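Proteins get letters first, then strands, A, B, ... in listed order; numbering begins at 1 in each. Values in this document were obtained by computation on a predicted structure and should not be read as measured data. Reckoned from all heavy atoms, side chains included, excluding hydrogens, waters and symmetry mates.
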Amino acid sequence: MSVDPRPGGHDPGAILAERAAALARRDRRADASQAGDGVQALALIVRGEHYAIAVKDVLETSALRSITPIPGIPAPWIGLVNLRGALRPVLDLRCHLGLGDHAPGTGGSLVVIGFEELVVALLVESIAGARRIERAELRSVPGGGASPWVIGTTADLCTLLDVQTLLADPAIVVDVAA
Amino acid sequence: MPTTNPLAAGPPVNFATAGTIRSPQSKLARSFAGRGLRGRLLGLAAMAGVLWLVCIGVAATGLTSARSASDRAHTVFEAFRTERDAYEAWMTDDGQTNMYAGFAELHARSQLSSLESTWQQVVGGHQQALALLGTLAAKAPDPSVRQAARSAVADLAAYNVTTQQVHADVLADEPSRAIYVVAIGNTTASDRIQADFRSMATVLGKDAERLDASTSNGVKDSILLLVVITLVSLLIAGVAVSRITGRLVQSLKGYVALAGRIAEGDLTTRTNAAGDDEIGLLGRALDDMSERLGSLSVNVRDNADQIRGSTGEILAAVAGHSAAAAQQSAAIAQSTAAIEQIRAGAELSARHAEDVTTHARSAVEAGDEGAQAVEAIIGGMAAIESKVEAIARDIGALAQRTQQISAITQTVDDLADQSNVLALNAMIEAVRAGEQGKSFGVVADEVRTLAEQSKQATAQVAGILHEIQLATDQAVAATAEGTTVVREGGELARRAGDVIVHLANLNRSAAQAAEQIAASAQQQTTGMDQIAIAMQDTTKVAAEFVAGTEQSRVAAERLESVARGLAGAVSSYRV
């Protein structure tokens with residue numbers, strides 16, 4: 001995916017032509033993604049596993065800041081974080097995915113997602129980058145025992161998650177009134 | 001070599017046992033106190049002396065009594081004569097005439113004291129005359145004298161009355177009456193006194209003649225008595241002396257015969273004398289002498305035998321001494337040869353000690369050079385140490401710079417991270433912007449790619465820096481080790497220097513010791529020379545000793561012949 005504009009030949013014209021071709025390919029690919037049935041996704045890494053979420057749900061990304069713990073909060077939630085003046089609850093995706101608790105002090109990145117009025121910061125290990133996932137290459141999880149917020153898995157074992165379903169999971173709803 | 005005295009080996013000869021002669025002095029002293037010959041003679045002389053003294057005493061007494069009687073008669077007669085002469089002088093005419101003049105002078109007042117003294121004289125003379133006449137009247141042997149004395153006393157009393165009258169007249173200043181009294185009263189009294197004195201003189205003169213005759217008769221009797229006594233004592237002494245000398249001569253003849261037998265060698269005869277006087281003592285002394293001569297001859301014979309035995313032993317010892325002297329000469333010769341060998345050894349030792357001295361001196365010089373070289377090594381080590389320390393400082397600075405680069409790289413890495421996040425967010429915004437954000441999404445992707453490349457580059461730089469860090473750490477450790485090694489090397493060099501200096505000192509001591517050994521060997525050689533000279537002297541002394549033993553042998557043989565002669569001389573005595 002990376003573009004390395006190394007000087008391949010001696011003819012400046014050829015170089016310019018090659019660069020123009022590269023730019024044109026990208027444009028073509030972007031046209032293809034728009035044209036086909038697919039989704040622009042942000043690739044995440046949680047405990048070594050690759051996951052992805054749709055970019056249209058992501059508000060921003062950030063390096064991990066200091067998290068202020070909230071006493072008495074249920075397990076997936078680990079505290080609050082201040083992002084540009086707004087307090088956001090932080091959800092440990094690793095815990096929520098049943099991959100074990102987050103070990104404090106090991107670093108990580110925050111992915112801020114928003115759905116309706118709910119804005120949540122997801123704590124992940126790192127952000128691998130952006131990729132496009134076609135509908136056709138998604139395969140359902142064998143056995144059908146998967147969580148409802150799993151859309152499918154690509155051939156290279158990148159699991160696409162549905163953020164809206166994930167945030168609607170009753171396991172993460174905090175009923176203050178109750 | 002045997003040094004025992006052969007005389008000391010024999011039995012001791014005690015000459016004192018033959019000389020216990022009793023002293024005859026005590027016996028002589030006892031007989032002198034008793035009735036010895038000398039005592040008898042002395043007693044005889046004492047008896048004669050006593051007789052003589054008695055005779056002289058008798059004669060002296062007789063003579064003295066006669067002389068005193070005569071003297072007494074003379075005294076009385078002389079006193080009487082003096083008084084009579086004085087009175088007759090007073091009665092002369094001249095005296096009467098003078099009396100007138102005296103009375104006239106006495107009249108003068110100035111002469112009163114003189115008159116008093118004259119009167120006292122008159123009174124004293126009168127008292128004296130009265131006393132003398134009283135004595136004659138009482139004690140005169142002749143009755144006529146006593147009669148005359150008594151009449152003279154009476155006449156003198158009458159005369160005294162007139163004299164008292166004269167004195168009173170003079171005192172009464174009547175000289176004419178005094179002269180009258182003197183001229184008339186005094187004349188008759190004085191005539192009667194004169195008659196008395198004449199009769200007494202006649203009688204006294206006859207007495208004196210009789211006394212002289214009796215005195216000469218006493219003296220004659222005394223002389224006769226003396227002669228008789230002398231003759232008697234001479235007779236007694238002659239008889240006693242004759243008896244004593246007869247006995248003496250008889251005893252002496254016996255003793256002379258005994259002495260003759262002793263001279264012939266017969267010591268068996270004895271006098272068997274008795275008595276405590278000198279003759280008896282002489283006899284017993286002769287017996288004692290004979291007996292002692294006998295024991296003396298026996299002693300002399302025994303001692304001569306012992307001397308002969310001792311001389312035999314002396315001869316044997318002298319023979320032993322000769323053999324020992326021969327052995328000694330052989331030993332001295334061997335010792336001389338051994339001393340010569342030792343001397344040669346000492347010279348060899350001296351030469352070796354000199355060689356050792358030379359080697360030790362060269363070793364000392366080498367040690368000094370080694371010490372200097374070690375000093376140079378120490379200096380070089382110090383320079384190396386300072387260089388290594390400089391390298392360590394440089395490496396430290398390098399590590400510091402590397403650390404700074406690492407910090408800068410970290411900063412670049414952080415910037416790349418932030419750029420990556422920014423690129424992601426930009427991409428997200430581009431996606432959300434939809435179709436209008438497409439181109440922006442491409443730029444954001446390029447930025448993200450650049451951030452990735454920056455991160456890889458910083459990772460490579462970090463790896464290189466890490467390697468540099470490791471290398472500098474190793475270099476620091478190596479320089480520290482180098483410093484330690486250099487220090488240890490310096491220390492080792494210093495110790496080596498100390499050892500070399502110590503070795504040099506030891507070599508110096510060895511050189512001094514070798515010099516001392518050489519000197520000692522020299523002294524030893526000198527001492528050996530002196531010993532050789534002493535051995536030569538010893539050889540001479542041994543030769544003299546051999547000669548001395550020969551002389552001893554000759555002397556012992558002579559002593560044996562003397563002892564033999566002594567025994568022969570004594571054998572003539574019969575005991």
Side-chain angles (χ1 to χ4, degrees), chain A residues 1-6 19-20 22-35 38-45 52-65 81 83-84 107-115 119 121-122 124-133 163, chain B residues 402-470 473:
Chain A
M1 290 288 278
S2 65
V3 177
D4 191 3
R6 63 179 61 94
R19 188 168 291 174
L23 289 170
R25 269 200 308 275
R26 182 166 302 224
D27 286 341
R28 274 194 303 275
R29 191 186 58 187
D31 292 340
S33 63
Q34 289 294 102
V39 61
Q40 188 72 20
L42 187 69
L44 310 171
I45 294 174
I53 56 174
V55 172
K56 61 181 175 55
D57 297 329
V58 177
L59 297 178
E60 61 175 326
T61 64
S62 171
L64 180 60
R65 312 286 178 83
V81 71
L83 291 174
R84 282 196 288 276
S109 297
L110 293 176
V111 180
V112 182
I113 57 176
F115 182 70
V119 177
L122 291 177
V124 299
E125 280 183 23
S126 62
I127 297 167
R131 66 179 287 181
R132 184 175 179 81
I133 296 174
V163 175
Chain B
T402 309
Q403 204 73 26
Q404 291 171 358
I405 292 170
S406 178
I408 292 166
T409 308
Q410 188 63 40
T411 308
V412 171
D413 191 55
D414 290 345
L415 289 174
D417 279 342
Q418 290 176 16
S419 299
N420 194 17
V421 172
L422 279 174
L424 275 176
N425 287 333
M427 184 193 69
I428 289 162
E429 290 297 328
V431 170
R432 289 164 70 90
E435 198 60 29
Q436 286 80 12
K438 248 182 199 173
S439 300
F440 182 68
V442 172
V443 175
D445 195 40
E446 287 296 323
V447 171
R448 198 184 65 82
T449 306
L450 282 175
E452 286 289 334
Q453 287 174 359
S454 294
K455 218 169 156 51
Q456 288 170 3
T458 52
Q460 286 175 357
V461 171
I464 291 166
L465 283 175
H466 183 63
E467 288 174 0
I468 290 172
Q469 191 80 38
L470 288 177
D473 285 349

Test side-chain contact (heavy atoms from CB on, under 4.5 Å) applied to A:V58 and B:I428, B:L424, B:N425, the passing residue |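 Result: among B:I428, B:L424, B:N425, B:I428 is the only option passing the side-chain contact (heavy atoms from CB on, under 4.5 Å) with A:V58.
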Which atom pair, heavy atoms only, marks the closest approach of A:K56 to B:R432?
->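 Result for this residue pair: O-NH1, 3.5 Å.
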Return the option, out of A:T61, A:I127, A:V55, with the maximum number of heavy-atom pairs under 4.5 Å with chain B.
->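 Of A:T61, A:I127, A:V55, A:T61 has the most heavy-atom pairs under 4.5 Å with chain B.
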Check whether A:S62 gets within reach of chain B through its side chain, its backbone, both or neither, counting any heavy atom under 4.5 Å.
->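 Just its backbone gets close to chain B.
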Heavy-atom contact with chain B under 4.5 Å, split by part of A:L42 =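 Contact with chain B is through the side chain of A:L42 alone.
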Return the set of residues passing salt bridge (charged side-chain N to carboxylate O under 4.0 Å, His left out) with B:E429 (not counting sequence neighbours), or none when no residue passes.
->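 Applying salt bridge (charged side-chain N to carboxylate O under 4.0 Å, His left out) to B:E429 gives none.
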Side-chain heavy-atom pair A:E60, B:V421 within 4.5 angstrom cut-off |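 Counting from C-beta outward, A:E60 and B:V421 never come under 4.5 Å.
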